[in-house]
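Take a look at the structure below.
Because the structure is predicted, anything quoted here is derived from the model rather than measured. We use all heavy atoms of the structure for the numbers below, so side chains are in, but hydrogens, waters and symmetry mates are not.
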Amino acid sequence: MSEKTIPILPCRALPPVLDFYTALGFEVTYVQRSPNPYAVVERGGTELQFFAMKHYEPTGSISTCYVMTDDVDGLYEAFRAGLKATYGRIPTRGLPRVGPLKDMSYGVRQFLMTDPGGNCVRVGQRTGEDRPHGPAPEETFARALHHASLLADSKGDAAGAAKVVDRVLRLTDETPTPVQLLQLLVLRADLAGRLGDEEAAATALARATALDLTEAERDQGRDALTRLEDLRA
């Protein structure tokens, strides 16, 4: 036996959704305009289907799906290149948007993207044996990054995540490593952008850009540096 699961996701209108996925390198393989707007996009082994509803509100969407790949870094770079070619930049806030690539605590390296219909597509690659969520890190700054990321991405609580980051950045009795500081500042800038706080975003970006990192630190913080590049653009 062989089975295949295909997500069917909502949107308000098909054209902006199809334009977004075309920019990512998907092919539109089917479009139905009436009686019910419906479309299919495919890229490699990934197939997504969409239906449109006139009164649907994308900003209130909670629909999501997960795409597993064996080359998440390559896919991330391909998607970023396609979006930059189409939109002139990497969209990092609002709809559509693409989040940072990061290593998760449960053995997956992933990024999140949200299309114009408000659908969150998680794209990930297993980095080891499957394992459930373990306890949060004990170290202060690693723990803050862990909790802030969960609040921002899993709960959609950008304000709560920003409070976590601000609290540890104000500490005077402990100091983050240069890479941790980079990660915290880039995350704070990202959150500020989502919250519409341009002043806080600019301050965090300036601090992150000014960090003097060694080559080893830049390599360790490459995901944050990629996100910094996107946010600055």
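Residues R207 and L181 have side chains in contact (heavy-atom distance under 4.5 Å, counting atoms from C-beta outward). Counting heavy atoms from C-beta on, the side chains of R80 and T226 come closer than 4.5 Å. Side-chain contact between T86 and L24 is absent, with no heavy-atom pair separated by less than 4.5 Å. Counting heavy atoms from C-beta on, the side chains of F20 and L83 come closer than 4.5 Å. Between Q49 and Y30 there is no side-chain heavy-atom pair separated by less than 4.5 Å. Considering only heavy atoms from C-beta on, T177 stays 4.5 Å or farther from E217 through its side chain. Residues P91 and R89 form a side-chain contact, since some pair of their non-hydrogen atoms from C-beta on lies under 4.5 Å apart. No side-chain heavy atom of K102 sits under 4.5 Å from any side-chain heavy atom of Q183.
Ion pairing between R93 and E198 holds under the 4.0 Å rule for side-chain N and carboxylate O. A salt bridge links D73 with R109: at least one charged nitrogen is closer than 4.0 Å to a carboxylate oxygen. Between D153 and R97, no side-chain nitrogen of the basic residue sits less than 4.0 Å from a carboxylate oxygen of the acidic one, so the salt-bridge criterion is not met.
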Go through it in stages, so that I can follow the logic: the residues are Y66 and V108, the test is side-chain contact (heavy atoms from CB on, under 4.5 Å), and I'd like the CA-CA distance, side-chain angles, deciding distance and then a yes or no. CA-CA 12 Å; Y66 207 109; V108 171; 3.0 Å; yes
Chi angles and distances behind the side-chain contact (heavy atoms from CB on, under 4.5 Å) call for Q220, L213: CA-CA 10 Å; Q220 187 181 353; L213 303 173; over 6 Å; no
With side-chain contact (heavy atoms from CB on, under 4.5 Å) as the criterion, how do T140 and L171 come out once you've worked through the C-alpha distance, each side chain's angles and the decisive distance to 0.1 Å? CA-CA 10 Å; T140 299; L171 293 178; 3.7 Å; yes
Step-by-step side-chain contact (heavy atoms from CB on, under 4.5 Å) determination, L48 to C65: CA-CA 9 Å; L48 302 173; C65 67; 4.0 Å; yes
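Between F111 and Y76, the ring planes lie tilted relative to each other; the angle falls in the 30° to 60° range. Using a 30° and 60° split on the angle between ring planes, F79 and F26 fall in the tilted class, from 30° to 60°.
Considering every non-hydrogen atom in both S149 and L187, the closest pair reads OG-CD2, 4.2 Å. Residues D190 and P100 approach most closely at OD2-CD, 4.1 Å, considering heavy atoms. Nearest heavy-atom pair, V164 versus A144, reported as atom, atom and distance to 0.1 Å: CG1-O, 3.6 Å. Residue G117 comes nearest to V17 through the heavy atom pair N-CG2, 3.8 Å, listed as atom of the first residue, atom of the second, then distance. Nearest approach of V28 to V31, heavy atoms of both residues: CG1-CG2, 3.4 Å. The two residues V186 and L231 have their closest heavy-atom pair at O-CD1, 3.7 Å.
Interatomic distance, L112 CG to R122 CZ, rounded to the nearest 0.5 Å: 4.5 Å. E229 contributes atom CD, which lies 11.0 Å from atom OG1 of T209 (distance to the nearest 0.5 angstrom). Interatomic distance, CG of L14 versus CZ of F51, reported as 10.5 Å (0.5 Å rounding). Here CD of Q125 is found 12.0 Å from CD of Q110. Values are rounded to the nearest 0.5 Å. For the atom pair L151 CG and D157 CG, the distance stands at 5.5 Å (nearest 0.5 Å). Within the model, atoms OG1 of T114 and CG of L95 stand 6.5 Å from one another, a figure rounded to the nearest 0.5 Å.
When the shell of 6.0 Å around CG of D173 is examined, it contains more than 12 heavy atoms from other residues, nucleotides or ligands. Atom CZ of R218 has 12 or fewer neighbouring heavy atoms from other residues, nucleotides or ligands inside a 6.0 Å radius. Other residues, nucleotides and ligands contribute at most 12 non-hydrogen atoms within 6.0 Å of the CD atom of E138. Other residues, nucleotides and ligands contribute at most 12 non-hydrogen atoms within 6.0 Å of the NZ atom of K84. The number of heavy-atom neighbours closer than 6.0 Å to CD of E199, taken from other residues, nucleotides and ligands shown, is 12 or below.
Under the 4.5 Å side-chain heavy-atom criterion for grouping Ile, Leu, Val, Met, Phe, Trp and Tyr, V72 is not connected to L225 through any hydrophobic cluster. Under the 4.5 Å side-chain heavy-atom criterion for Ile, Leu, Val, Met, Phe, Trp and Tyr, L211 and L205 are members of the same hydrophobic cluster. The hydrophobic cluster containing L101 does not contain L228, counting ILVMFWY residues as joined when their side-chain heavy atoms lie under 4.5 angstrom apart, directly or transitively. One hydrophobic cluster, built from ILVMFWY side chains closer than 4.5 Å, cannot hold both M53 and F50; they sit in different ones. V41 and I6 are assigned to two separate hydrophobic clusters, defined by single-linkage of ILVMFWY side chains at heavy-atom distances under 4.5 Å.
For E139 (side chain) and A142 (main-chain N/O), a donor-acceptor pair under 3.5 Å exists by modelled atom type.
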